[in-house]
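Working notes for the structure below.
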Amino acid sequence: MPVAASAIYFLNLRGDVLINRLYRDDVGGNMVDAFRTHIMQTKELGTCPVRQIGGCSFLYMRISNVYIVIVVSKNANVACAFKFVVEAVALFKSYFGGAFDEDAIRNNFVLIYELLDEIMDFGYPQNLAPEILKLYITQEGVRSPFSSKPSDKPVPNATLQVTGAVGWRREGLLYKKNEVFLDIVESVNLLMSSKGFVLRCDVTGKILMKCFLSGMPDLKLGLNDKIGLENESQLKSRPIKSGKTIELDDVTFHQCVNLTRFNSEKTVSFVPPDGEFELMKYRITEGVNLPFRVLPTIKELGRTRMEVNVKVKSVFGAKMFALGVVVKVPVPKQTAKTSFQVTSGRAKYNASIDCLVWKIRKFPGQTESTMSAEVELISTMAEKKSWTRPPIQMEFQVPMFTASGLRVRFLKVWEKSGYNTVEWVRYITKAGSYEIRC
């Protein structure tokens with residue numbers, strides 16, 4: 001695994017070193033001089049955040065009036081390095097009362113050195129969670145007089161957290177009503193030809209959760225994904241029940257998910273953080289249910305007139321409906337006048353984006369709407385350039401519908417006290433890059 005940092009420097013806007021820490025001996029202590037000479041003094045700070053000088057790479061980021069510079073001499077994990085900087089700044093802000101600038105660094109030298117020793121070891125990032133580090137680095141930073149954020153007190157009885165077993169949840173939580181809210185949010189990306197053929201289509205989704213549960217509960221989530229259902233049928237020695245199954249691609253989980261159990265049992269088991277968090281992200285490339293079909297017809301009548309006809313069909317269930325439907329039909333820049341006829345909603349010409357914008361507040365399922373427009377163009381003496389016809393774009397939200405077909409089969413909550421829970425599940429599909437060529 002490539003290292004994330006050999007050394008880290010904190011510089012002010014003049015290039016003076018405020019504080020630094022060497023993690024490996026493959027870079028010299030004076031490497032910051034090269035950064036100051038070749039980057040800061042040449043006014044190239046805003047061109048690229050990664051620069052290579054000699055045999056070393058410099059990765060830098062400006063936060064307030066401080067430059068944070070990471071130096072590596074070998075192949076480095078750049079994404080990991082910048083992620084480390086962002087998380088480290090968030091950690092420092094939690095100790096300094098929300099402020100991170102030159103004054104905050106000068107007032108907290110000792111604390112910053114202690115934190116730098118904990119959050120990185122030999123160039124590899126370690127635990128940067130503020131709620132964990134504050135359990136054993138209890139020194140409070142010198143807070144900015146402008147900060148009104150109260151100090152976070154150490155959590156008692158947190159031996160389990162210090163070991164890193166469940167670092168995202170503290171013990172002793174108590175709620176009068178134990179509830180779990182689960183949202184499946186999907187974005188549909190589509191590129192369709194003018195004849196109705198799908199050229200590219202995929203769905204990116206995420207599962208958002210909001211937990212208000214007492215104690216240390218263990219949750220188990222079941223989805224209608226193909227791998228999970230096949231594994232469950234094998235364990236129970238019975239065939240899969242009829243119903244649609246989907247194949248999830250590029251799945252990433254929150255750190256609370258038990259990956260060992262997922263690899264062996266193909267079930268999503270986890271001890272949830274308190275409050276709101278993103279449980280998982282995924283992508284679907286096959287078997288996508290398109291919520292809308294768009295059939296455009298655009299005719300150019302000479303040099304000064306156009307006829308535009310767009311028919312939109314909703315493919316989802318009749319009991320569902322879409323909200324905030326917007327259809328943007330591009331027109332030439334020399335458009336002078338437009339007239340519309342729509343079966344539902346309202347349409348107008350937006351000169352700032354050179355589009356006919358058709359808005360429908362509520363679009364029922366299994367219905368269709370049409371828009372007809374006559375466009376008058378300004379006649380010019382210059383040689384006419386062929387119009388490139390950019391694609392039609394759509395925006396929408398469809399509650400209780402998933403384009404991927406993903407469904408929650410069960411959500412089980414176990415806690416040693418045996419309390420009852422209320423589970424809420426909601427689905428919503430939005431338009432990502434939803435384009436139709438015309």
Side-chain angles (χ1 to χ4, degrees), residues 186-204 284-302 304-333 335 337-351 353-377 386-405 428-438:
E186 293 188 342
S187 296
V188 189
N189 303 304
L190 170 71
L191 179 60
M192 182 178 289
S193 70
S194 58
K195 296 182 179 180
F197 297 108
V198 176
L199 304 177
R200 184 181 68 248
C201 184
D202 68 88
V203 175
T204 56
I284 301 291
T285 56
E286 297 181 359
V288 177
N289 302 315
L290 296 177
F292 288 100
R293 288 277 181 178
V294 181
L295 303 174
T297 303
I298 298 179
K299 296 180 180 180
E300 299 183 45
L301 306 176
T304 59
R305 289 185 59 231
M306 288 179 57
E307 286 185 357
V308 178
N309 292 281
V310 179
K311 181 184 292 186
V312 180
K313 295 182 179 181
S314 56
V315 189
F316 46 87
K319 295 182 179 180
M320 302 179 185
F321 55 87
L323 299 174
V325 178
V326 180
V327 182
K328 298 179 181 179
V329 183
V331 292
K333 291 186 177 182
T335 298
K337 185 179 179 181
T338 56
S339 59
F340 299 93
Q341 288 184 352
V342 295
T343 57
S344 61
R346 295 181 178 181
K348 67 177 183 178
Y349 169 59
N350 189 330
I353 58 175
D354 298 319
C355 285
L356 307 180
V357 181
W358 179 21
K359 295 183 179 181
I360 304 174
R361 182 178 299 177
K362 189 174 182 179
F363 202 124
Q366 297 297 316
T367 60
E368 64 179 47
S369 295
T370 58
M371 178 192 71
S372 299
E374 291 188 1
V375 180
E376 295 184 10
L377 307 176
S386 60
W387 183 43
T388 57
R389 291 199 180 189
I392 295 173
Q393 297 180 334
M394 277 197 72
E395 301 174 6
F396 55 80
Q397 290 189 2
V398 187
M400 304 311 297
F401 171 81
T402 55
S404 66
I428 188 168
T429 295
K430 302 178 181 180
S433 175
Y434 207 88
E435 298 182 342
I436 301 91
R437 291 178 178 175
C438 54

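Because only heavy atoms are used, hydrogens play no part in the values below, and waters and symmetry mates are left out as well, while side chains stay in. Treat the numbers as computed from the prediction; the structure is a model and nothing was measured.
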Worksheet item: Say you draw a straight line from NZ of K348 to CZ of R346; how long is it, rounded to the nearest 0.5 Å?
Response: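 Between atom NZ of K348 and atom CZ of R346 there are 10.0 Å.
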
Discussion item. Can you confirm whether R437 is buried at CZ, in the sense that more than 12 heavy atoms of other residues, nucleotides or ligands lie under 6.0 Å from that atom?
Written reply: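 At most 12 heavy atoms, drawn from other residues, nucleotides or ligands, come within 6.0 Å of this atom.
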
Worksheet item: Are there more than 12 heavy atoms of other residues, nucleotides or ligands under 6.0 Å from atom CD of E307?
Response: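 Yes, enclosed.
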
Item to complete: Provide the full list of side-chain hydrogen bond (donor to acceptor under 3.5 Å, both in side chains) pairs with a residue in residues 390-403, sequence neighbours left out, each pair given once.
Response: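 Pairs touching residues 390-403 that pass the test: K328-E395, Q393-E435, T402-R407.
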
Minimum-distance pair of heavy atoms, taken over all atoms of [X] and [Y]:
X: M192; Y: V198; value: CE-CG2, 4.0 Å
X: Y349; Y: T338; value: CB-OG1, 3.5 Å
X: S404; Y: N289; value: C-ND2, 4.5 Å
X: R293; Y: G196; value: NH1-O, 3.5 Å
X: C355; Y: V331; value: N-CG2, 4.2 Å
X: S193; Y: I436; value: O-CG2, 4.2 Å

Side chains of [X] and [Y]: closer than 4.5 Å at any heavy-atom pair?
X: V325; Y: M394; result: yes
X: S314; Y: M320; result: no
X: L290; Y: C201; result: yes
X: V188; Y: K430; result: no
X: I428; Y: V398; result: no
X: D354; Y: T335; result: no

Worksheet item: When you measure from the side chain of Y434 to the backbone N and O of F396, does any donor-acceptor pair fall under 3.5 Å?
Response: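 Not confirmed, Y434 side chain does not pair with F396 backbone.
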
Discussion item. Listing request: all salt bridge (Lys or Arg N to Asp or Glu O under 4.0 Å) pairs with a residue in residues 187-201, at least two apart in sequence or in separate chains.
Written reply: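 Counting only pairs at least two positions apart or across chains, no salt bridge (Lys or Arg N to Asp or Glu O under 4.0 Å) contact touches residues 187-201.
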
Worksheet item: Can you check side-chain contact (heavy atoms from CB on, under 4.5 Å) on I298 and V329, steps first, answer last?
Response: CA-CA 10 Å; I298 298 179; V329 183; 4.3 Å; yes

Solution key, residues 356-374 side-chain donor-acceptor pairs under 3.5 Å, sequence neighbours excluded:
{"from": "W358", "atom 1": "NE1", "to": "S344", "atom 2": "O", "distance (Å)": "2.9"}
{"from": "Q366", "atom 1": "NE2", "to": "V315", "atom 2": "O", "distance (Å)": "2.8"}
{"from": "Q366", "atom 1": "NE2", "to": "F316", "atom 2": "O", "distance (Å)": "2.9"}
{"from": "T367", "atom 1": "OG1", "to": "P364", "atom 2": "O", "distance (Å)": "2.7"}
{"from": "S369", "atom 1": "OG", "to": "S344", "atom 2": "OG", "distance (Å)": "2.8"}
{"from": "S372", "atom 1": "OG", "to": "N309", "atom 2": "OD1", "distance (Å)": "2.8"}

Going by side-chain contact (heavy atoms from CB on, under 4.5 Å), name the residues that satisfy it together with [X], two or more places apart in sequence or in a different chain.
X: L295; result: K311, K313
X: D202; result: N189, T204, R283, T285
X: P390; result: P330, W387, T388

